[in-house]
Amino acid sequence: MSCSRFLGSVGTIIIKCKDLRIIQLDIPGMEECLNIASSIEALSTLDSVTLMYPFFYRPMFEIVEDGWSAFLPEKEFEVLSSVTDEWRLSYINKDFSICPSYPPVVIVPRSIDDETLQKVAVYRHGGRFPVLSYYHKKNGMVMMRSSQPLTGTNGRRCKEDEKLVNATLRPGKRGYIIDTRSLNAAQQARAKGGGFEQEVYYPQWRRIHRCIERFNILQESLIKLVEACNDQSHNMDRWLSKLEASNWMTYIKEILTAACLAAQCIDREGASVLVHGTEGTDSTLQVTSLAQIILDPDCRTIQGFESLLVREWLQAGHPFQQRCAQSAYSNSKQKFEAPVFLLFLDCVWQILHQFPCSFEFNEHFLVTLFEHAYASQFGTFLGNNENERSKLKLQQKTMSLWSWVNQPEELKNFQNPLFEANSLVIWPSVAPQSLQLWEGVFLRWNRPSRFLDEAEEEMRRIIDYNRFLLDKFF
Amino acid sequence: MEHIRTTKVEHVKLLDRFSTSNKSLAGTLYLTATHLLFIDANQRETWILHHHIAAVEKLPLTTSGCPLVIQCKNFRIVHFVVPRERDCHDIYNSLLQLSKAAKYEDLYAFSYNPKQNESEQVKGWQLIDLAEEYKRMGVPNDYWQLSDANRDYKICETYPRELYVPRTASKPIIVGSSKFRSKGRFPVLSYYHKDKKAAICRCSQPLSGFSARCLEDEHMLQAISKANPSNRYMYVMDTRPKLNAMANRAAGKGYENEDNYSNIRFQFVGIENIHVMRSSLQKLLEVSGTKGLSVNDFLSGLENSGWLRHIKAVLDAAVFLVKAVAVESASVLVHCSDGWDRTSQVCSLGALLLDSYYRTIKGFMVLIEKDWISFGHKFSDRCCQLDGDPKEISPVFTQFLECVWNLTEQFPQAFEYNEAFLLQIHEHVHSCQFGNFLGNCQKEREELKLKEKTYSLWPFLLDEQKKYQNPLYKPSFSPNLTLLEPNTVSFNFKFWRNMYHQFDRSMHPRQSVYDLIMDMSEQNKQLEEDIKQLEAKIKQKRGRSDAVLVKEHQQSAHPAPVMLKTPPFFKKDQPLIPLNDAVLIFAFAQWCLTRLQREVSVPCQLLSALHLLYQLDSDFPLKNILYKLVLYHTSETNITDNIGKRYQFVIV
């Protein structure tokens, strides 16, 4: 986003970037300035995806491991099938005809055949029938995700759906359905053909409603937060009230609380969980992916986190292109824009902040992911789902972000020197006093960080030196 | 002891303050003459000093017993449930009595005995020498001298005996000026900036009313500005809001009229008074103590309390002060009403920003002794050491510490001390365990004979200074007299969780990067030392023939081989063990284990011996054996206790 104004013969272009940086360029000469401004304007608002940078970007590095094939569902499934045989891969969606926002391959209960799935898909919003999201090795409990059931106002039921959902329960055990909408919102959804699982038809399930905000409300929140952070005001009350009015930290708390709830049901209650909201592409994914970070130490490694993003965000059909279009400085109202993914990253950062030794990656990794989700030379975050990505032929025509990130010399920048694998479940505190503003993103360009950076460097030096000395000792 | 009716109550429950499911720990409550002690079923101890108790409250009886809520001055809040109401009532009454001392002699400091002998006690009190400090600043000099005017506290009871004033300020000027100042607190030197030749002076408000003037006071200010050869004018900072200062005029007090004083630049900086600060903190604590608090309630509560606004105002004032000194080379006179609250905050923070000495551990102690203790900040009244007027209580010193904490956050490498140091000082300001902070002024302290009857805090803090050292501290970050220029945009000020929720573990990050770095930094120093010594030893051995070497190394494993001065992983109370191979190996395994758990405690001699063994004979299959041992032991929980028992295992 850019805008220009003039003072005498010097033109000023102010460029507001998606990573929240604001750059001011003073350009002598009106005409040059106007030309540059209009070029920037045109180039930053391209209509066609295929005209974007990833399609022209030629990497200057050698690809050791192709990121496009680094996280195949079949490979992930191999790990699962080594611990349980209750699940199978279904190729029912291989031509994206059953569910346009699902990947070609999904994991479903072995006892459920494709024919049943087909019927369930009709009963679920956008065809997003319940699929496996996470298997908790410790106790064999699972987390499923889907979209809302289409019960409508007359409470339509679907026996196949009940069968599928119940197939994930152990005999005699109950499960939890976590609906990411308030009860009120879920009830209202019935008027539009949506709805929620009714107790009568799902007697073994207890439904819990959590209210996670969506879409434009989140986008407004981001815009307000960024505006508050850009205000170099010396008025403390104004800062605090703006921070409060943005509601950003409230949303962080809500999302983390819902994720903790899901994780608690699985780990502490020993129950299986089904998570959904309306479409199952936003708040649902926030909850399922954060719950995995809490529960599964693998997700806290770099590879594991990448795999989580691929599974739970890219393949699961979070519409990145719609959600991460303009970021916080957009003039025009983008109907589908929402910082759902940024909120997720912020939540991960909150947990990282509370468990600084339990993650293989550092804050820089999360910031980098935020940047690339909004603007990137890599094709990874293009398109809204696997269907679109395959039509765009991203695999052939663009580079994967992972190909670049996973090079040893790049990885170094993303590694947390304090990492010590921790096999435990990590429960974050969601008390407001424990949550912090993510300064690395929101205050990044607004304050001098030299002293903090130097301190960080010194910390690294102490850690490296400690390694060196210990190595020398043994 | 006469206040204690019940000394022990069993089956008491300690509730988790923030748990929504009313989590609790059962245990036994003990009441001693100085402390309240709770030992839970896991044998974890919670000690609460009686003097730390700010309020005790008995809530209405519940089915599980009688709830007793204790709020402490260090922001600990404990919630007990005592099964029998009678016991609860007894404890409640005892605590009410014990937490409020009627006279100084009842305070803990007078009974606290740290097993120091008399000469250590005297030396402890001599650790901080303010005369030495003024010398360090560069006074007395051509412009400033020590005045004996207050040697017998005749001019001002709340000032120290030794005061520095401009050489041109004669005794009549001093006396005249003091009569024109509230409580006789006339302008004196607080800090002298050697390079700029500019001074920070402090005083109380002038008794100017609507039109009164005092020639001596005007001379006094002139003397101060003339004592600065680099700048003709001086600043007078009234740290109060203008409205308050004006209201004071009606009471015959007020502020300097610029027309009457030549070459002064007068400035209000708007820090609120002690009553506003007290109620602000009260509001802050109410918010932060709420169970199941929402983010927006927290943020709006934080805003409504005004606490961060006040912290920012104090720091802004200090920034204004140091700009005048460092940028304009101007001297500044700082005052508020009585010149012992806001004036102390601003003068001490100003000095801290100007002079890197105060960013060292020793320097910070000096700063507190100078601007707070000696200049008569009323610690006793402000911290409610004796049962007194609740309207005199105010968190002025806490705010000072919070400002310093904010600076340490912005300049992580500029301070030799860490947050724990600030918290520990805060703890002891309220604990009344040491004599430093007792009473309201030096005169009172002398009358109490504190130096004979109590101990000074500072040597104890210095003894354990390892705990308070900032591992990231870089002395070269700010060479002598380099100015710190903090950014005071609002978003830099954060809620100080580690102060206000110090005892609410559930709110803190579960792993502390800072602690880890501190451990590593400490370990690095000791490893360096050990490696140096070992290398020397090896070099020495390599000098001999191989045949001898083998023999040497066999021997070296038996008697204590290399004695090191600083055993890195050595707990003081751990006895030395007779050495042999098995124990060595075990000890090593143990060390590895503890390292994995990030706790270190193993006799270093053993480790070094082993290391030497390995260095001399690299075929020694040490690593493999040890790796297995470590694996075996990780499944055990507590192996540090029983060296003897495990020893059997190792031999097998």
Side-chain angles (χ1 to χ4, degrees), chain A residues 228-229 231-245 247-254 353-358 418 420 422 426-437 439 442-443 446-448 451-452 454-456 458-459 462-463 465-470 472-474, chain B residues 18 288 293-300 302-304 306 308-313 316 410-414 471-472 474 477 487-495 497 500-501 504 506-513 516-517 520-521 523-524 527-528 530-531 534 595-596 598 607 611 614 622-623:
Chain A
C229 294
D231 181 353
Q232 295 274 324
S233 147
H234 278 267
N235 184 328
M236 181 63 74
D237 291 355
R238 195 161 81 195
W239 157 245
L240 287 173
S241 69
K242 275 183 162 181
L243 182 61
E244 181 197 341
N247 279 325
W248 185 265
M249 299 308 293
T250 300
Y251 300 145
I252 295 288
K253 183 173 153 81
E254 272 172 13
H353 182 77
Q354 293 186 26
F355 296 87
C357 308
S358 301
L418 291 170
E420 282 202 33
N422 168 2
I426 53 175
W427 300 105
S429 160
V430 295
Q433 294 96 319
S434 306
L435 302 177
Q436 308 255 313
L437 177 69
E439 298 178 12
F442 298 110
L443 298 180
N446 300 339
R447 49 152 200 203
F451 301 131
L452 302 179
E454 282 174 6
E456 176 100 30
E458 173 65 13
M459 224 183 263
I462 292 175
I463 296 163
Y465 189 49
N466 188 255
R467 298 262 148 89
F468 167 77
L469 286 176
L470 285 172
K472 198 165 171 186
F473 225 90
F474 302 114
Chain B
F18 290 101
S288 68
L293 184 65
S294 78
V295 173
N296 281 354
D297 286 349
F298 174 63
L299 289 174
S300 65
L302 199 58
E303 180 191 338
N304 291 335
L308 292 181
R309 178 158 43 87
H310 300 315
I311 297 293
K312 177 170 153 53
D316 274 333
Q410 272 195 48
F411 304 97
Q413 298 193 269
L472 304 178
K474 204 168 79 186
F477 179 89
N487 179 342
T488 59
V489 174
S490 305
F491 55 57
N492 291 294
F493 294 85
K494 278 169 272 179
F495 173 72
R497 185 181 55 213
Y500 304 105
H501 290 293
D504 304 311
S506 66
M507 286 202 180
H508 296 267
R510 305 305 201 270
Q511 296 159 335
S512 160
V513 173
L516 276 175
I517 298 290
M520 278 188 189
S521 173
Q523 198 186 33
N524 284 355
L527 282 172
E528 263 176 359
D530 287 0
I531 285 175
L534 284 166
R595 204 191 124 213
L596 288 174
R598 290 256 166 236
L607 182 60
H611 172 71
Y614 182 60
L622 209 56
K623 274 186 179 169

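Lettering of chains follows the sequences in order, A, B, ..., and the numbering in each one begins at 1.
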What I'd like to find out is whether the side chain of Glu420(A) reaches to under 4.5 Å of the side chain of Gln511(B), using heavy atoms alone. no
How about Phe491(B) and Gln232(A): do any of their side-chain heavy atoms sit closer than 4.5 Å? yes
Side chain, backbone, both or neither: which part of Asn422(A) has a non-hydrogen atom closer than 4.5 Å to chain B? side chain
Can you see which heavy atom on Ser233(A) is nearest to which on Ser490(B), and at what distance? O-OG, 3.1 Å
Do you know which of Ala431(A), Ala245(A), Ser358(A), Pro428(A) has the most heavy-atom pairs with chain B at a distance under 4.5 angstrom? Ser358(A)
Which of the residues His353(A), Glu454(A), Gln354(A) is involved in the greatest number of heavy-atom pairs with chain B at under 4.5 angstrom? Gln354(A)
Trp248(A) CH2 to Leu299(B) CG distance, which is reported to the nearest 0.5 Å: 14.5 Å
Heavy-atom closest contact (Leu240(A) atom, Glu303(B) atom, distance): CD1-CA, 3.7 Å
By a 4.5 Å heavy-atom criterion (distance strictly below it), what part of Thr488(B) contacts chain A: side chain, backbone, both, or neither? both
Structural part of Leu443(A) lying under 4.5 Å from a heavy atom of chain B: side chain
Rounded to the nearest 0.5 Å, how far apart are CG of Leu435(A) and CZ of Arg497(B)? 9.0 Å
Heavy atoms of Glu458(A) and Pro471(B) approach each other most closely as OE2-O, 4.4 Å
For the residue pair Gln433(A) and Ser288(B), confirm or rule out a side-chain donor-acceptor distance under 3.5 Å. no
Minimum heavy-atom distance between Arg309(B) and Met236(A), given as atom pair plus value: N-CG, 3.6 Å
Any side-chain heavy atom of Val513(B) sitting closer than 4.5 Å to one from Met459(A)? yes
Should Ile462(A) and Leu472(B) count as side-chain neighbours, where that means a heavy-atom distance under 4.5 Å? yes
Applying side-chain contact (heavy atoms from CB on, under 4.5 Å) to Arg510(B) and Ser429(A), what does each step give before you reach the verdict? CA-CA 9 Å; Arg510(B) 305 305 201 270; Ser429(A) 160; 3.6 Å; yes
Any side-chain heavy-atom pair from Met520(B) and Leu418(A) closer than 4.5 angstrom? yes
Out of curiosity, Gln436(A) CD to Lys494(B) NZ, how far, rounded to the nearest 0.5 Å? 6.5 Å
Need one label for Gln410(B): side chain, backbone, both or neither, based on atoms under 4.5 Å from any heavy atom in chain A. backbone
Contact part of Phe495(B) toward chain A, heavy-atom cut-off under 4.5 Å: side chain, backbone, both or neither? side chain
Drop me the distance from Asn296(B)'s CG to Lys253(A)'s NZ, to the nearest 0.5 angstrom. 11.0 Å
Chain B contact via Glu254(A) - side chain, backbone, both or neither, heavy atoms under 4.5 Å: neither
With a 4.5 angstrom heavy-atom cut-off, which part of Phe477(B) approaches chain A: side chain, backbone, both or neither? side chain
Answer yes or no: is there a side-chain heavy-atom contact under 4.5 Å between Thr250(A) and Ser294(B)? no
Could you look at Asn524(B) and say if it's the side chain, the backbone, both or neither that has a heavy atom under 4.5 Å from chain A? both
Most chain B-contacting option - heavy-atom pairs closer than 4.5 Å, from Pro448(A), Ala228(A), Ser241(A), Cys229(A): Ser241(A)
Spacing of Asn492(B) atom CG and His234(A) atom NE2 [to the nearest 0.5 Å]: 9.0 Å
Distance from Phe468(A) atom CZ to Glu528(B) atom CD, nearest 0.5 Å? 9.5 Å
How are the rings of Phe411(B) and Phe451(A) set to each other: parallel, tilted or perpendicular (split at 30° and 60°)? tilted
Apply side-chain contact (heavy atoms from CB on, under 4.5 Å) to Glu456(A) and list each qualifying residue two or more places apart in sequence or on a separate chain. none
